[in-house]
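Below: the structure, in C-alpha cells.
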Amino acid sequence: MQDRYFYAPREGHGLKHNPIASIVGPRPIGWISSMSEDGSLNLAPYSFFGIFNYAPPIVAFASAGIKDTLRNAIRRGEFVVNVVTESLAQAMNLSSSSIVGSEFELTQLGSAPSTRIATPRVEASPVSLECQVLEDFPLRDHQHEPVGSHLLLAEVIGVSIDRSLIVEGVFSWGQTRTVVRAGGAADYHWIGADNLLRLRRPD
Ligand SMILES: Cc1cc2nc3c(=O)[nH]c(=O)nc-3n(C[C@H](O)[C@H](O)[C@H](O)COP(=O)(O)O)c2cc1C
C-alpha cells in the first residue's frame with residue numbers, strides 16, 4: 001500500500017508551507033503594470049495567472065483581496081503583462097512590496113510606451129502583453145460564499161516581443177530565461193534550452 005499524505009484544505013495542511021500553489025506549478029508570473037486614475041504607475045507580480053484562449057488570446061489573474069492592480073485595471077479597463085526573465089527576478093520580487101508610491105521608482109525600472117493602450121510596459125522586459133479587461137469575477141466557494149478574491153479576465157490586444165527572440169519566424173521561449181514560481185516560500189526556476197523536451201501532438 002502507498003504511504004500517502006492527505007489533507008482537506010479547509011481543515012489545514014499541517015505542513016510547514018502551504019503546498020497547494022506549488023502542486024499546481026511551476027506557475028507563470030504575470031508581472032502586471034497598471035495605471036491609477038491620476039496616472040501614477042503601479043507594478044506587481046501575480047502568479048495566479050494564466051492564458052485561457054488562443055484567438056483572441058485571453059489571460060486572467062487572481063487578486064487575493066482588492067489590491068491596487070485590480071482596482072487600476074478595472075477603473076482604466078486595461079493593464080500590461082510583462083514577462084519576468086532571470087535578470088529581472090530581483091526587481092520583480094521587490095515590486096511585490098506594499099509601498100506607497102510607484103514600484104517603478106522603487107525598483108528603478110524604466111517604463112516604455114505601449115502600442116495600443118495608455119498603460120506603459122516595463123522597458124527591460126523582452127515581452128509584454130497589452131490587455132483590455134473583459135470581466136471581473138468575485139470568487140466564491142462551494143457554498144457560494146465570497147472568498148474575497150477576484151479573477152480578472154482580459155483580452156490581449158497587443159503583443160510586443162524583442163526581435164532578437166524571434167528566430168527563423170518562431171518565438172524562442174528557451175532563450176528568454178523566463179522565471180516561474182516554484183515550491184516553498186521563496187523558490188523560483190527558469191527553464192533554459194537545455195531542458196527542452198519536444199513532443200509533437202498525435203494526429
Ligand atoms: C511571485 C509572486 C507572485 C504573487 N502572486 C500573487 C497573486 O497571484 N495574487 C495576489 O493577490 N498577490 C500575489 N502576490 C503578492 C502581490 O504581488 C503583492 O500583494 C503586491 O503588493 C500587490 O501589489 P498591488 O497592490 O500594487 O497590486 C505575489 C507576489 C509574488 C512575489
Side-chain angles (χ1 to χ4, degrees), residues 9 17-52 58-111 114 117-122 124-125 127-131 133-141 146-154 156 176-191:
H17 190 265
N18 188 344
I20 194 70
S22 3
I23 288 169
V24 187
R27 304 188 304 288
I29 301 168
W31 199 18
I32 300 179
S33 43
S34 64
M35 203 158 59
S36 69
E37 270 174 327
D38 69 4
S40 54
L41 298 185
N42 193 87
L43 183 65
Y46 283 78
S47 62
F48 290 142
F49 167 76
I51 181 155
F52 299 96
I58 293 176
V59 294
F61 71 91
S63 179
I66 314 264
K67 300 186 178 180
D68 288 342
T69 301
L70 182 80
R71 220 178 272 125
N72 292 346
I74 291 174
R75 287 192 186 148
R76 285 254 177 195
E78 60 176 51
F79 60 87
V80 179
V81 174
N82 304 275
V83 164
V84 180
T85 55
E86 186 197 354
S87 59
L88 294 170
Q90 300 285 351
M92 175 281 295
N93 192 35
L94 190 57
S95 75
S96 73
S97 36
S98 36
I99 53 145
V100 179
S102 176
E103 292 83 5
F104 275 94
E105 279 163 32
L106 177 74
T107 56
Q108 298 188 317
L109 286 164
S111 63
S114 291
I117 62 176
T119 306
R121 63 182 176 84
V122 173
S125 171
V127 187
S128 61
L129 308 176
E130 300 177 14
C131 301
V133 171
L134 298 173
E135 270 173 281
D136 165 32
F137 286 101
L139 297 184
R140 293 174 183 275
D141 68 11
V147 300
S149 297
H150 286 245
L151 182 72
L152 199 70
L153 287 163
V156 179
T176 65
R177 292 174 89 80
T178 299
V179 169
V180 290
R181 180 76 173 89
D187 294 357
Y188 295 83
H189 285 278
W190 64 88
I191 298 170

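One-based numbering, in listed order, for ligands and for the atoms of each.
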Quiz item: Is there side-chain contact between Leu106 and Ser97, with heavy atoms separated by less than 4.5 Å?
Solution: yes
Quiz item: Tell me: protein heavy atom nearest atom 23 (O) of ligand 1, and distance?
Solution: Ala44 CB, 3.3 Å
Quiz item: Which residue holds the protein heavy atom closest to atom 25 (O) of ligand 1, what is that atom called, and what is the gap in Å?
Solution: Asp68 N, 3.0 Å
Practice problem: Identify, for atom 20 (C) of ligand 1, the protein heavy atom at the shortest distance, and state residue, atom and that distance. | Solution: Ser96 O, 3.3 Å
Quiz item: Below 4.5 Å, heavy atoms only, C-beta onward: do Cys131 and Val59 meet side chain to side chain?
Solution: yes
Quiz item: What do you reckon, does Tyr188 put a non-hydrogen atom under 4.0 Å from ligand 1?
Solution: yes
Quiz prompt | Selection residues 84-108 - residue pairs positive for ring-ring contact (aromatic ring centres under 6.0 Å, His included), sequence neighbours left out | solution = none
Practice problem: Answer with side chain, backbone, both or neither: which part of Thr69 has a heavy atom less than 4.0 angstrom from an atom of ligand 1? | Solution: both
Quiz item: Can you find a heavy atom in the side chain of Phe49 that is under 4.5 Å from one in the side chain of Val81?
Solution: yes
Self-check item: Proximity of Ala62 to ligand 1 by residue part, where a heavy atom lies under 4.0 Å
Solution: backbone
Practice problem: State, without any angle test, whether Arg181 and Ser47 hold a side-chain donor-acceptor pair at a distance under 3.5 Å. | Solution: no
Quiz prompt | Nearest non-hydrogen protein atom, atom 8 (O) of ligand 1 | solution = Phe48 N, 2.8 Å
Quiz item: Under 3.5 Å, is there a donor-acceptor pair linking the side chains of Ser125 and Trp31?
Solution: no
Quiz item: Where is the nearest protein heavy atom to atom 26 (O) of ligand 1: which residue, which atom, and how far?
Solution: Asn42 ND2, 2.8 Å
Quiz item: So is there a nitrogen or oxygen of Tyr46 less than 3.5 Å from a nitrogen or oxygen in ligand 1?
Solution: yes
Quiz prompt | Sub-4.0 Å atoms of ligand 1 with respect to non-hydrogen atoms of Ser63 | solution = 11 (O)
Quiz prompt | Heavy-atom nearest option to atom 13 (C) of ligand 1, drawn from Pro45, Ala64, Ser33, Ser36 | solution = Pro45
Quiz item: Taking the side chain from Ser114 and the backbone from Ala118, do they hold a donor-acceptor pair closer than 3.5 Å?
Solution: no
Quiz item: Can you tell me which residue and heavy atom of the protein come closest to atom 5 (N) of ligand 1, and the distance to 0.1 Å?
Solution: Ser47 N, 2.9 Å
Quiz item: With distance as the sole test, does Arg76 use its side chain to make a donor-acceptor pair with the main-chain N or O of Ser36 at under 3.5 Å?
Solution: yes
Quiz item: What is the closest protein heavy atom to atom 19 (O) of ligand 1, and at what distance does it sit?
Solution: Lys67 NZ, 2.8 Å
Quiz item: Tyr46: what forms a ring pair (Phe, Tyr, Trp, His ring centres under 6.0 Å) with it, not counting sequence neighbours?
Solution: Phe61
